[in-house]
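Below is one structure; the comments refer to it alone.
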Amino acid sequence: MNEYVWLFPVIFMFHEMEEICGFGIWLNKNMSMLKKRFPLIVKEYSDYSNEGFAAAVFEELILLLIICIISRCTDFYCLWLGGLIAFTFHLVVHIIQSVVIRKYIPAFVTSILVLPLSLLLIINSIKIIGSPTNVIIAFSIVGIVIVFVNLKIAHMLMNKVSGFFRK
């Protein structure tokens, strides 16, 4: 499991780098379309900056590394697996977003590339961990809840850091 645990932060950052590098440019180029079709997105990212987004990703990476370290130190991988399942769900959401918007979004290419690897990690990890299905499902739900709660925290951090750099 050691190799699997440390693959998660690697694929996470690979995916996030596409978003960090491209989202600001994409947002500016597509603002008029977003205002017409998706005004809530415009509101959510009204104070966007690359610095703020990078700070949010950094916070998420720290949380992920803490989960990886705890998993390795305790040999308990169910929370890690729940986080990986939540991340994989996140990749699918990006693919769906691109389909709904009907154009490329920064996150689409790496979502397509990383999704098969994530699914393979999940399948192999479930076999290795050997926990009952109900435990895997429970920790997947916990992982998804943690991701959604942390997403709110990350967005608050992004807005604060973006505001700081706009002054």
Side-chain angles (χ1 to χ4, degrees), residues 4-64 67-68 78-127 133 136-159 161-162:
Y4 289 177
V5 167
W6 299 113
L7 267 177
F8 186 8
V10 171
I11 63 174
F12 170 82
M13 281 311 301
F14 176 69
H15 169 71
E16 292 301 319
M17 288 307 297
E18 182 185 12
E19 291 183 272
I20 291 170
C21 293
F23 190 68
I25 296 165
W26 184 90
L27 192 62
N28 289 335
K29 282 185 174 182
N30 292 282
M31 189 57 77
S32 61
M33 177 272 296
L34 291 171
K35 284 180 181 175
K36 290 176 190 167
R37 294 181 58 200
F38 307 99
L40 290 177
I41 291 174
V42 173
K43 183 180 178 198
E44 185 70 29
Y45 291 97
S46 61
D47 292 330
Y48 176 85
S49 74
N50 284 339
E51 296 86 358
F53 192 79
V57 169
F58 184 62
E59 181 272 337
E60 292 173 329
L61 178 62
I62 290 169
L63 178 61
L64 174 55
I67 290 170
C68 290
C78 288
L79 182 58
W80 173 88
L81 181 58
L84 179 60
I85 290 169
F87 172 74
T88 304
F89 177 73
H90 159 89
L91 298 173
V92 172
V93 167
H94 280 315
I95 294 166
I96 292 169
Q97 287 171 330
S98 190
V99 169
V100 167
I101 292 174
R102 286 178 263 152
K103 62 184 349 185
Y104 164 81
I105 61 168
F108 179 74
V109 172
T110 53
S111 292
I112 295 291
L113 292 173
V114 169
L115 183 60
L117 178 58
S118 296
L119 292 171
L120 188 63
L121 277 173
I122 290 167
I123 291 165
N124 288 341
S125 297
I126 288 172
K127 290 176 186 174
T133 304
I136 300 295
I137 291 170
F139 275 97
S140 297
I141 292 168
V142 168
I144 290 169
V145 169
I146 289 171
V147 165
F148 278 115
V149 169
N150 192 64
L151 188 59
K152 289 293 184 189
I153 294 167
H155 274 250
M156 288 177 5
L157 176 64
M158 179 179 68
N159 290 334
V161 170
S162 294

Report summary line: Minimal heavy-atom distance between S162 and S49, with the atoms involved, is OG-OG, 2.7 Å

Report task. From the options H94, E19, E18, select the one residue that forms a side chain to side chain donor-acceptor pair (under 3.5 Å) with T110. Result -> E18

**Report entry** N50 side, atom CG; I20 side, atom CD1 - distance, nearest 0.5 Å
**Finding:** 8.5 Å

Report task. Kindly indicate whether the side chain of Y104, heavy atoms from C-beta on, has any atom under 4.5 Å from the side chain of V109. Result -> yes

Query raised in the report: Does the side chain of F89 reach to within under 4.5 Å of the side chain of I85, using non-hydrogen atoms?
Result: no

Report task. Return yes when atom CZ of F58 has more than 12 non-hydrogen atoms of other residues, nucleotides or ligands closer than 6.0 Å, and no otherwise. Result -> no

Query raised in the report: Within the distance-only criterion (no hydrogens, no angle test), does the side chain of N30 pair as donor or acceptor with the backbone N or O of W26 below 3.5 angstrom?
Result: yes

Query raised in the report: Atom CZ in F139, atom CG in L79: separation rounded to 0.5 Å?
Result: 6.5 Å

Query raised in the report: Taking everything shown except I25 itself, do over 12 heavy atoms lie less than 6.0 Å from its CD1?
Result: no

Query raised in the report: Do you know the tightest heavy-atom contact between V114 and L91?
Result: CG1-CD1, 3.7 Å

Report task. Determine the minimum heavy-atom distance between L157 and A55, stating which atoms define it. Result -> CD2-O, 3.5 Å

Query raised in the report: Does a side-chain heavy-atom distance below 4.5 Å link L151 with E60?
Result: yes

Report task. Enter the distance from F12:CZ to L63:CG here, rounded to the nearest 0.5 Å. Result -> 9.0 Å

**Report entry** Any L34 side-chain heavy atom under 4.5 Å of Y45 side chain
**Finding:** no

Query raised in the report: Given side chains that start at C-beta, do those of F38 and I101 come closer than 4.5 Å, heavy atoms only?
Result: yes

Report task. Indicate yes or no: at least one non-hydrogen side-chain atom of L61 is less than 4.5 angstrom from one of E16. Result -> no

Query raised in the report: Do the non-hydrogen side-chain atoms of F87 and L64 ever get within less than 4.5 Å of each other?
Result: no

Query raised in the report: Roughly how far, to the nearest 0.5 Å, is the OG atom of S111 from the CD1 atom of I96?
Result: 10.5 Å

Report summary line: OG of S125 to CG of L7, rounded to nearest 0.5 Å, is 9.5 Å

Query raised in the report: Counting only N and O atoms by type, is there a donor-acceptor contact under 3.5 Å from the side chain of S140 to the main-chain atoms of G82?
Result: no

Report summary line: For K35 and V42, the nearest pair of non-hydrogen atoms, with its separation, is N-CG2, 3.6 Å

Report task. Report the distance from atom NE2 of H90 to atom CD1 of I95, rounding to the nearest 0.5 Å. Result -> 10.5 Å

Query raised in the report: Is the closest side-chain heavy-atom distance between F108 and Q97 below 4.5 Å?
Result: no

Requested in this report: Measure across F53 and M158 and return the closest heavy-atom pair with its distance rounded to 0.1 Å.
Outcome: N-CG, 3.6 Å

Query raised in the report: F8 and I67: side chain to side chain contact (heavy atoms under 4.5 Å, CB included), yes or no, with the steps?
Result: CA-CA 11 Å; F8 186 8; I67 290 170; over 6 Å; no

